[in-house]
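Have a look at the structure below before the remarks.
By convention here, the first residue in the shown sequence is residue 1.
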Amino acid sequence: MGNEAVVFQSSDPVFSVRTDGSVYAREEGASLDEPVRFKLTASGPHTHAWEAVVQLSLTSSPSAQQNEDEVTEKGRKVTERKGKMDAPPPVILFSGSGLNGTKGLRRQKRDWVIPPINVAENSRGPFPQMLVSIRSDQDQDISIRYSITGVGADQPPNEVFSIDPEIGKMFVTKPLDREHRSSYHLRAHAVDMNGNQVENPIDLYIFVIDMNDNRPEFKNQVYNGSVDEGSRPGTYVMHLSAFDADDNTTANGMVRYRILSQTPHSPIPNMFTINSETGDIVTVAPGLDREKVSQYTIIVQATDMEGNLNFGLSNTATAIITVTDINDNPPMLTSRTFSGEVPENRVDLVVANLTVIDADQPHSPNWNAIYRIISGDPSGHFTIRTDPISNDGMVTVVKPVDFEMNRAFMLTVVVSNQAHLASGIQSSLQSTAGVTISVQDVNEPPYFPTNPKHIRFEEGVPAGTSLTTFSASDPDRLQMQQIIRYLKLNDPADWLSINGTNGQIITTAILDRESVYVKNNVYEATFLAIDNGSPEASGTGTLQISLIDINDNPPALVPRESQICERMNKNVNGVNITAADADTDPNAGPFVFELPNYPTSIRRNWTISRISGDYARLSLRYQVYLEPGMYEVPIVVSDSGNPPLSNRSVIKVKVCPCDEHGDCTTLGAVAAAGLGTGAIISILICIIILLCMVLLFVVWIKRREKERQTKQLLIDPEDDVRDNILKYDEEGGGEEDQDYDLSQLQQPDSLDHIISKPPGVRRVDERPIIPESQYPIRPVVPHPGDIGDFIHEGLRAADNDPTAPPYDSLLVFDYEGSGSTAGSVSSLNSSSTGDQDYDYLNDWGPRFKKLADMYGGGADD
């Protein structure tokens, strides 16, 4: 029973019971040909004792046995059996009383442990299949009803287990699945017919015994791993794992791994092994070489039952192992020597191409080549760049080379990988090569040794003055001496010329420092030097002439106009004046301002006072009054040059009445402008007349617009082509038929002549003699929302009005009476066999050509 504190004593000398509750034979040769019954006594740790009768019998198949025990307490009985349902189960019966004469010992309830009930999963039945029998020791006295509760009975999943309420036999009703639920906990109840509890509920534990009904399952069907080439045996590669849904504490769920196959078999068929318990794949042999085999495909099998291929279930997965590259192959140049050519004075030009071979994985750090020049280029004229596609080395010129300095370069180049070589791998002798670069001589352009060239001259140099010689040199010294000629490339002011043979610069005009072409006192011109090589080459040079200022510009008075009050007072300071001089110091300020001696009124009315070296003040003399008006005041301004230059300038001063602040009043400003009262009045009258004309023009425009809106049409409504039907019902007969009565062609206004017309034949296109329909009166302008109703109403009225044209009748244009004296025209025919001549039809033109062909044929027909 699993309780070591319980001691079992059997009354049969052959059979006994161990502490775990299993029954065994004490002697060999024990026979169960007939059922054996014996009494079993169980003693508890507190000297409590129980009795039971055990019956043993053989079953038909030992492998299909089940345990069935019957336990009887004072308050309950539990029956569990071993064997098939069709075989009589062994019964373990516990009596309800203690041992007789054992010092009054009494049986204690709840001290007995109920063993669990084991049920194999996926049983094939038949169902319901009996599991255990539950009995109460009071069923001899009263009627007992048994029931079970818990998951699998009255809780989902319901009705997995059932019980016979009268005899207490419990059944399983369907196959169980351990992977869905591995155990059940039920409670058994015993009540009388009135529902009163007879016994305390007992706990029943049902364990589902696992069967090997699930294969191991890999999480992925394909696993990817990698290992470096050249790895030693025992190197970890990757891990695979499979899951078995069966109980992993039993062999059903214990998975073992093995390798079924390896593809390819190079260098040996078993390059890898797998740990059968963990699923770790490791290498077992050396010789992994990515350049020979870059990938292995391994089929791995997982089997349960601890790998037993006879009883276990299996599954497979694929492991793809990629051999990763290491730098075990140094780069090798395809040749020991390379050569190339470079024109002089060229840069960013590829002059040689170095090819390399590397067996490592392309476009990886183990394959990418790095080139270095280790000798032959001390000045750094060349560099080697790697082509990212082909891995070739491109020798490129980064600094111009000169044929006259170096006719050839002997470079030593070494190549290596971006990644370091693997341990134990040595560099190849083919990683170094020599590169010969020949320099090609080209016609180099002349150059000016001093560029730009600076010279200084005073402005005002006359034309024809020789300034300097701006000559160029030819760098092609080893060739035949070439001839250089000179041209002017850019001369903004056209002041210079250059001698085409020796480069002498001569002025063609006066140099003016104040010219707009001179920037910061410097005049700049560009010249061209061209040799006679093949092809010609040219170089440019810039000549910068710094012009020294001379006093060649007199000062000019500033400002040229101003205003002043007619009377001097303490608030009036006069007019501040200065001068502007295009020259620079010392040929500009300070300036000297003076009033001329003539006319004498200037000095009598005006005075000049010095403020500073460049400023002075012009003002009226004290107690001098001038009439308002415009006055021209001449002033002589002199600069500080040597010799000084003077300029007589005139400033226009407006004299006007001023207010207390010294500002000219409005009337005073007008008066100062030289306009009298009459002129002012005339100007105001002209302004008023102009405003009146504008007002009259606006009124005329408004009135014309109003007349245009209210003016009626000048044409008859019937002749108006807008929204009207044109009537073409009047036809004349030409010049010979002008005398006709149009009233006969028009609709009569009255019906008297129709009503008085005798019965008989009459025109049916006349308006019927019935009252005309009265259309409903509608507003002149319909509401936009009633347009649809308006259209439908008019259509309906027109359809129902029989007097509205057109009249539904045959139009008879005229009645000529009955009968005819002409007879029938059906006797006429188109025969042309008569004597009439139709040749004249040919003279009527192309329109009658068809008739002429039909009737004018004559003898030809």
task = Rounded to the nearest 0.5 Å, what's the gap from CG on Leu511 to CG on Leu547? Could you check?
result = 5.5 Å
ask   = Stepwise, does the side-chain contact (heavy atoms from CB on, under 4.5 Å) test hold for Leu467 with Ile506?
value = CA-CA 6 Å; Leu467 299 182; Ile506 301 175; over 6 Å; no
query = Just by modelled atom types, is the Glu341 backbone N or O under 3.5 Å from a matching donor or acceptor in the Ser438 side chain?
reply = no
ask   = Will you find, in the side chains of Ser612 and Asp614, an N or O donor that is under 3.5 Å from an N or O acceptor?
value = no
Minimum heavy-atom distance between Lys399 and Ser379, given as atom pair plus value = NZ-O, 3.5 Å
task = Grab the two heavy atoms, one from Ala408 and one from Val439, that are nearest each other, plus how far apart they are.
result = N-CG2, 4.1 Å
request  = Apply the test side-chain hydrogen bond (donor to acceptor under 3.5 Å, both in side chains) to residues Lys654 and Ser562: give CA-CA distance (whole Å), side-chain angles for both, the deciding distance (0.1 Å), then the verdict.
outcome  = CA-CA 6 Å; Lys654 187 187 300 181; Ser562 185; over 6 Å; no
message = I'd like to know if the side chain of His454 and the backbone of Leu543 have a donor-acceptor N/O pair within less than 3.5 Å.
response = no
task = Step through the shown structure and confirm whether more than 12 heavy atoms of other residues, nucleotides or ligands are within 6.0 Å of CZ on Arg610.
result = yes
ask   = Is it true that a side-chain atom of Asn499 and a backbone atom of Gly503 form a donor plus acceptor pair closer than 3.5 Å?
value = no
task = Output the distance between atom CG (Asn490) and atom CG (Leu496), rounded to the nearest 0.5 Å.
result = 10.5 Å
request  = Output, in order, the C-alpha distance, side-chain angles, deciding distance and verdict of side-chain contact (heavy atoms from CB on, under 4.5 Å) for Ile510 and Val461.
outcome  = CA-CA 5 Å; Ile510 298 176; Val461 174; over 6 Å; no
task = Please name the pair of heavy atoms, one in Leu557 and one in Phe593, separated by the smallest distance, quoted to 0.1 Å.
result = CD1-CE2, 4.0 Å
inquiry  = Hydrogens and angles aside, do Glu524 and Thr542 bring a side-chain donor and acceptor to less than 3.5 Å of each other?
reply    = no
request  = Look only at the side chain of Arg648 and the backbone of Pro634, and say whether a donor-acceptor pair between them is shorter than 3.5 Å.
outcome  = no
message = What's the separation between atom OG1 in Thr526 and atom CG in Asp491, rounded to the nearest 0.5 Å?
response = 9.0 Å
request  = Measure the shortest side-chain to side-chain distance between Pro559 and Ile577 over non-hydrogen atoms and say whether it is less than 4.5 angstrom.
outcome  = yes
request  = Show your reasoning for whether side-chain contact (heavy atoms from CB on, under 4.5 Å) applies to Ile635 and Leu618.
outcome  = CA-CA 10 Å; Ile635 299 176; Leu618 174 65; 4.1 Å; yes
ask   = Do you know the tightest heavy-atom contact between Ser638 and Ser646?
value = OG-OG, 2.6 Å
remark   = Minimal heavy-atom distance between Asp639 and Phe591, with the atoms involved, is CA-CD2, 3.9 Å
key: Nearest-0.5 Å distance that lies between atom CG in Leu528 and atom CD1 in Ile484   = 11.0 Å
message = Between Tyr486 (side chain only) and Ile530 (backbone N and O only), is there a donor and an acceptor less than 3.5 Å apart?
response = no
request  = Could you tell me the separation between the CD1 atom of Ile498 and the CG atom of Leu489, rounded to the nearest 0.5 Å?
outcome  = 10.5 Å
message = Can a donor-acceptor pair be found, under 3.5 Å and without considering hydrogens, that links the side chain of Thr396 to the backbone of Met394?
response = yes
query = Taking atom CG of Asn406 and atom CD1 of Ile437, what is their separation to the nearest 0.5 Å?
reply = 12.5 Å
query = Does any non-hydrogen side-chain atom of Glu632 lie less than 4.5 Å from one of Ile602?
reply = no
message = Please determine whether the number of non-hydrogen atoms from other residues, nucleotides or ligands lying under 6.0 Å from atom OH of Tyr631 exceeds 12.
response = yes
query = Asp392 side chain to Asp387 main-chain N or O, any donor-acceptor pair under 3.5 Å?
reply = no
message = Is there a side-chain contact between Val351 and Phe382 in this structure, where contact means two heavy atoms from C-beta onward sitting under 4.5 Å apart?
response = yes
task = For residues Thr383 and Ile373, determine if any side-chain heavy atom of one lies less than 4.5 Å from a side-chain heavy atom of the other.
result = no
Minimum heavy-atom distance His363-Asn368, with the two atoms named = CA-OD1, 3.7 Å
ask   = Where the side chain of Asn451 meets the backbone of Thr540, is there a donor-acceptor pair that is under 3.5 Å apart?
value = yes
task = May I ask you to decide whether Lys488 forms a salt bridge with Asp494, counting only side-chain N to carboxylate O separations under 4.0 Å?
result = yes
task = Output yes when a side-chain donor or acceptor of Lys453 lies under 3.5 Å from a complementary backbone atom of Phe448, and no otherwise.
result = no
task = Please report the C-alpha distance between Thr386 and Tyr371 in whole Å, then the side-chain angles of each, then the deciding distance to 0.1 Å, and finally whether the side-chain contact (heavy atoms from CB on, under 4.5 Å) criterion is met.
result = CA-CA 7 Å; Thr386 304; Tyr371 300 86; 3.5 Å; yes
ask   = Among Trp495, Phe457, Tyr517, whose ring pair (Phe, Tyr, Trp, His ring centres under 6.0 Å) with Tyr523 holds?
value = Trp495
inquiry  = Tell me whether Glu344 contacts the main-chain N or O of Val442 through its side chain, where contact means a donor paired with an acceptor under 3.5 Å.
reply    = yes
